2 protein chains.
Amino acid sequence: MDAKGLRAGGRGGRSGGVAGEVWLRAEKPRRDTLTRDRITVAAIELLDAHGTAHLTMRKLAERLEVAPPTLYWHVKTKDDVLDLAVDAVFSEVEIPSRTDDWAQDARTLVLRWRATMLCHPWSPALIGRPMLGPNVLARTEFLQSTLARGGRTGPSLAAATHGLANLTIGAALTESTWHGQLPRSSAHELIQANADRYPTLAANHHLDAPDQDALFDQAVRTFLAGLGQDISRC
Amino acid sequence: MDAKGLRAGGRGGRSGGVAGEVWLRAEKPRRDTLTRDRITVAAIELLDAHGTAHLTMRKLAERLEVAPPTLYWHVKTKDDVLDLAVDAVFSEVEIPSRTDDWAQDARTLVLRWRATMLCHPWSPALIGRPMLGPNVLARTEFLQSTLARGGRTGPSLAAATHGLANLTIGAALTESTWHGQLPRSSAHELIQANADRYPTLAANHHLDAPDQDALFDQAVRTFLAGLGQDISRC
DNA sequence: GTGCCTCCTCGAACGTTGGTCGAGTGTTCG
DNA sequence: CGAACACTCGACCAACGTTCGAGGAGGCAC
């Protein structure tokens with residue numbers, strides 16, 4: 001709000017201005033023009049800080065020191081912003097270098113994939129929208145080509161790719177739920193209070209907390225083990 | 001809107017009213033009072049019909065022939081409604097009867113689980129909230145106890161349970177995305193147009209469409225096969 | 001009957017949200 | 001110089017989730 005006056009007039013080019021105006025510009029060096037990238041970055045920062053519910057176009061505009069309608073020149077809707085943010089997150093997933101062990105490569109990718117999503121706990125819940133961003137596609141391409149190296153083709157390849165990706169997404173989604181939410185103690189209490197209805201859950205719930213990372217890794221290994229098995233019997 | 005006048009005064013008891021009022025009551029026989037269950041049912045109907053974005057407290061109230069604030073006596077927030085709706089959906093997942101084959105039982109459950117979620121395509125995206133409803137817990141209890149029959153305990157059991165559940169949730173989430181969204185032809189076009197960047201994806205994308213059910217079933221079988229394998233080597 | 005209490009409902013309104021419109025700015029190019 | 005372009009913003013809108021306080025209906029004690 002306090003920068004409105006300064007901002008008026010775009011980046012205030014080199015056409016002769018009022019004496020002393022240079023200093024004002026120096027203090028507030030309007031960083032170029034707005035871009036999709038800058039919007040995306042700011043959106044991710046806000047999402048990381050306060051979660052999905054608190055991301056509004058106004059707060060986004062405020063952070064970018066712009067009036068709200070300005071955003072709509074670069075982006076069509078708020079959903080566009082979310083799509084951009086989700087895809088940008090995937091760019092943080094480093095694509096592994098290929099080794100001789102395709103299964104290991106696939107495992108490395110999905111482990112990093114999940115870890116990245118957990119760094120941005122709001123991201124898994126936003127996957128209920130078309131994942132067609134270049135970064136998402138690049139990771140999917142790597143995963144599928146890696147599994148293809150294992151000798152799979154056709155429906156078998158598709159099933160393996162989707163299975164591994166869905167396992168990862170599901171894990172990130174459920175785990176990110178607990179992270180941001182009420183303490184897991186309340187879940188524990190609820191289950192223990194109804195131990196008669198959920199005996200197995202109650203008996204094993206204390207074991208959940210320790211190491212979610214290891215649990216996911218184990219699930220991935222299980223899936224990959226299953227892949228190794230059924231390829232040999234086909 | 002047209003029933004406002006009729007509705008005034010609750011269910012219009014038997015205290016003597018204006019002549020002819022009986023007929024009005026007969027035409028609009030106020031079905032009892034509002035309940036959480038009725039709210040939940042109506043919410044699911046609206047969600048099924050128009051998706052998450054179009055569910056508003058006002059439309060929900062309108063469907064129930066009630067004024068919007070009335071809902072807030074039975075429910076604290078809109079999120080409550082969503083939680084109730086999600087859990088209610090899980091009640092539609094019929095718990096399989098136990099057979100001798102625990103793997104088969106688990107497979108049956110998750111197949112039904114996914115199918116139910118796809119019947120309500122809005123539901124997977126709402127899992128980014130605590131799943132502590134009784135119906136969800138009952139299904140999880142069945143899944144965990146079934147896998148426990150396979151001889152698993154401790155972290156191994158937890159990994160298997162989460163893995164299978166996450167695979168199912170992820171599958172439902174990604175698949176429901178495509179269902180309600182723009183035709184998959186646009187995804188196909190995008191991939192084919194960038195076939196140089198995504199060679200494997202482009203080569204195999206035409207195979208995706210045929211039978212998603214079979215693909216998921218295959219992924220589940222793969223996971224279960226992996227379970228059978230690593231239990232024997234531990 | 002009378003008074004009271006709880007359950008349930010609603011009219012009015014508040015603050016905020018995503019989004020639109022048209023006018024205005026500086027810059028660029030012919 | 002003038003027109004076209006890229007970009008920004010003030011004013012405004014309908015719709016949303018939610019709150020508040022008023023008030024009717026039914027049941028209970030007396």
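Here the structure is a predicted model, which is why all the values come from computation and not from measurement. Proteins get letters first, then strands, A, B, ... in listed order; numbering begins at 1 in each.
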Listed pairs under 3.5 Å, donor-acceptor, residues 49-60 of chain B side chains, sequence neighbours left out:
from	atom 1	to	atom 2	distance (Å)
B:His54	ND1	B:His50	O	3.2
B:Thr56	OG1	B:Lys59	N	3.1

How would you list, by chain and number, every residue that makes a side-chain contact (heavy atoms from CB on, under 4.5 Å) with [X], sequence neighbours excluded?
X: A:Thr77; result: A:Asp79, A:Asp80
X: B:Asp83; result: B:Arg129
X: A:Ala88; result: A:Thr40, A:Ile44

Report yes if the side chains of A:Leu167 and A:Val220 come closer than 4.5 Å at any heavy-atom pair, otherwise no. yes

Do any N or O atoms of the protein come closer than 3.5 Å to N or O atoms of nucleotides 14-19 of chain D, and which pairs are they?
from	atom 1	to	atom 2	distance (Å)
D:dG17	OP1	B:Lys78	NZ	2.8
D:dG17	OP2	B:Met57	N	2.8
D:dG17	N7	B:Arg58	NH2	2.6
D:dG17	O6	B:Arg58	NH2	2.6
D:dT18	OP2	B:Tyr72	OH	2.9
D:dT18	OP2	B:Lys78	N	2.7

What is the distance, rounded to the nearest whole Å, between atom [atom1] of [X] and atom [atom2] of [N]?
X: B:Glu65; N: C:dC8; atom1: CD; atom2: P; value: 19 Å
X: A:Glu62; N: C:dT16; atom1: CD; atom2: P; value: 12 Å
X: B:Leu71; N: C:dT9; atom1: CG; atom2: P; value: 9 Å
X: A:Ile39; N: D:dC7; atom1: CD1; atom2: P; value: 11 Å
X: B:Trp73; N: C:dT6; atom1: CH2; atom2: P; value: 12 Å
X: A:Leu60; N: C:dT17; atom1: CG; atom2: P; value: 12 Å

Contact under 4.0 Å: A:His74 side-chain N or O vs D:dA6 OP1/OP2: no

Answer yes or no: does a side-chain N or O of B:Thr70 lie under 4.0 Å from OP1 or OP2 of C:dC8? no

With sequence neighbours left out, what residues match B:His120 under side-chain hydrogen bond (donor to acceptor under 3.5 Å, both in side chains)? B:Asp48, B:Glu92

A:Thr174: which residues meet the side-chain hydrogen bond (donor to acceptor under 3.5 Å, both in side chains) condition with it, sequence neighbours left out? B:Asn166

Of the candidate nucleotides C:dC10, D:dC9, D:dT8, which contains the atom at the shortest distance from the side chain of A:Ala67? D:dC9

Estimate the overall bend of the helix from C:dG1-D:dC30 to C:dG30-D:dC1 from the end axes over five pairs each, rounded to 10 degrees. 10°

If the test is side chain to side chain contact (heavy atoms under 4.5 Å, CB included), which one of A:Arg112, A:Arg114, A:Met117 qualifies with A:Val93? A:Arg112

What pairs of donor and acceptor atoms, side-chain ones from residues 190-203 of chain A against any protein atom, are under 3.5 angstrom apart with sequence neighbours left out?
from	atom 1	to	atom 2	distance (Å)
A:Gln192	NE2	A:Ala202	O	3.1
A:Thr200	OG1	B:Glu141	OE2	2.8

